[in-house]
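Inspection log for the structure reproduced underneath, given as structure tokens.
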2 protein chains.
Amino acid sequence: MTNDFFREQLKQKGLKVTPQRVAIYEAVVNLNNHPTAEKIIDYIRRNHPNIAIGTVYKVLDSLVDNNLLKKVKNDKDIMRYDAVVSHHHHLYCSETDRIEDYEDELLDKLINEYFKNKKIEKFEIQDITLQITGKFNNN
Amino acid sequence: MTNDFFREQLKQKGLKVTPQRVAIYEAVVNLNNHPTAEKIIDYIRRNHPNIAIGTVYKVLDSLVDNNLLKKVKNDKDIMRYDAVVSHHHHLYCSETDRIEDYEDELLDKLINEYFKNKKIEKFEIQDITLQITGKFNNN
DNA sequence: TTATGTAAAGATAATTATTCTCATTTATGG
DNA sequence: CCATAAATGAGAATAATTATCTTTACATAA
Ligand SMILES: [Mn+2]
Ligand SMILES: [Mn+2]
Ligand SMILES: [Zn+2]
Ligand SMILES: [Zn+2]
């Protein structure tokens, strides 16, 4: 994924293309496993040592607002970010804080079919994602 | 749900029965919609004005450790607690921070069947819960 | 080109949920 | 009751995040 891709994405959203925004966006994509702000900062500082922490949080927020990133729910007091904005599920390790993506169109179809028949009372579904908790076998 | 119920539950888990623990446990059960620590404190202070905030957090933690409460994932920087420890799913309001419980054995069966056939590579599933995001119709 | 306006970044202070420390109090088994 | 470990209260400390304010970058118009 080339540098131009990030610049182009930012431009399309009407965001000014700044080195900081490119670096932060690129960091989340490259780090790839739902990094925390801290992990993102560590990564960026290797090539961009003077970036301010406040800038990182502000940029992350605006990338989330513009749907280039998503926040990932977890039960710790630390926010994590996801570069995969298309519909997908998450595998949560029950022993560590590892979170992996899980895509499964067949499963989505199954669940959508299910809720086509069975409505939830007084609730209009917009999106369903699964939190699959378990253990990763080695690696 | 009587006061003795809470005392009994605590005792069964080997936890000393203190007025604070009973009050906090009771608060989460009565408040019932996944309250924050702050909401719990407000509720308790009505009858128990001198309880310390640190105590509330410590008790909540130990109730979670002993599986009398669960933490609820959300994408805010505030922890929420759940008195329903049996397997269930959550309806998240996309506009407010309302979270409701959703139980559905049929759906669980469907999903379990699905994963009986289709294994996830290098991952052993322990639990699957759905985050269903959408809109509550009035009320 | 230079001036000007605006948005973004940097530095750092403030906020806030949560955790920690430690002196004091309390629950519980004997 | 007593002893004692465990729990609570008060307040300080932490840490993630947010806010404030100044400086910088950069686009556009004079
Ligand atoms: Mn925090
Ligand atoms: Mn916080
Ligand atoms: Zn993801
Ligand atoms: Zn619940």
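Only heavy atoms go into these numbers, but all of them, side chains included; no hydrogens, no water, no symmetry mates. Letters go in sequence order (proteins before strands), and every chain restarts at 1.
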Members besides A/Ile78 in its Ile/Leu/Val/Met/Phe/Trp/Tyr cluster (side-chain heavy atoms under 4.5 Å): none
Rounded to the Å, how far apart are A/Tyr81 OH and D/dA16 C1'? 10 Å
With respect to the phosphate group of D/dA25, does any side-chain polar atom (N or O) of A/Gln20 fall under 4.0 Å of OP1 or OP2? no
Under 3.5 Å, is there a donor-acceptor pair between the side chain of B/His88 and the main chain of B/Ser86? yes
Describe, as an angle rounded to 10 degrees, how the axis at the first end of the helix from C/dT1-D/dA30 to C/dG30-D/dC1 is tilted relative to the axis at the last end, five pairs per end. 20°
Spacing of B/Leu10 atom CG relative to C/dA27 atom C1', expressed in whole Å: 13 Å
Rounded to whole Å, please give me the gap between NZ in B/Lys11 and P in C/dT28. 7 Å
Given 3.5 Å as the limit, does a donor-acceptor pair link the side chain of B/Arg80 with the main chain of B/His34, or not? yes
Expected output is a numbered-order residue list: members of residues 54-68 of chain B with a heavy atom under 4.0 Å from any atom of DNA chain D. What is it? B/Thr55, B/Lys58, B/Val59
If the condition is side chain to side chain donor-acceptor pair (under 3.5 Å), which residues does A/Ser62 pass it with, not counting sequence neighbours? none
Considering heavy-atom distances to DNA chain C, does B/Lys71 or B/Pro19 have its closest nucleotide positioned more toward the 5' end? B/Lys71
Applying side chain to side chain contact (heavy atoms under 4.5 Å, CB included) to A/Lys118 and not counting sequence neighbours gives A/Tyr114, B/Tyr102, B/Asp104
List the steps and the verdict of side chain to side chain contact (heavy atoms under 4.5 Å, CB included) for B/Leu91 and B/Phe136. CA-CA 9 Å; B/Leu91 307 177; B/Phe136 289 96; 3.9 Å; yes
What pairs with A/Asp97 under side chain to side chain donor-acceptor pair (under 3.5 Å), at least two apart in sequence or on another chain? none
Can you tell me the distance, in whole Å, between the CG atom of A/Leu15 and the P atom of D/dA27? 14 Å
Show me the donor-acceptor pairs, under 3.5 Å and distance only, between side chains in residues 46-58 of chain A and residues at least two apart or in other chains.
none

If you take any heavy atom closer than 4.0 Å to DNA chain D, which residues from residues 21-46 of chain B end up in contact? B/Arg21
Is B/Val72 isolated, or which residues cluster with it under the ILVMFWY side-chain rule of less than 4.5 Å, directly or via members? B/Tyr92, B/Ile99
May I have the distance from A/Ile51 (atom CD1) to C/dG10 (atom P), rounded to whole angstrom? 6 Å
Listed pairs under 3.5 Å, donor-acceptor, residues 15-28 of chain B side chains, sequence neighbours left out:
from: B/Thr18; atom 1: OG1; to: B/Arg21; atom 2: N; distance (Å): 3.1
from: B/Arg21; atom 1: NH1; to: B/Lys16; atom 2: O; distance (Å): 2.9
from: B/Tyr25; atom 1: OH; to: B/Gln9; atom 2: NE2; distance (Å): 3.4

Rounded to whole angstroms, how far apart are CE on A/Met79 and C1' on D/dT18? 13 Å
Rounding to an integer number of Å, can you tell me how far B/Ile53 CD1 sits from C/dC20 P? 16 Å
Euclidean distance, atom CD1 of residue B/Ile78 to atom P of C/dT16 [Å, nearest integer]: 11 Å
Check whether the side chains of A/Thr133 and B/Gln126 place a donor and an acceptor atom closer than 3.5 Å, and report yes or no. no
With A/Asn30, which residues qualify under side chain to side chain donor-acceptor pair (under 3.5 Å), at least two apart? A/Tyr43
Output one line per pair: protein atom, nucleotide atom from nucleotides 3-6 of chain C, and distance, for all N/O pairs under 3.5 Å.
none

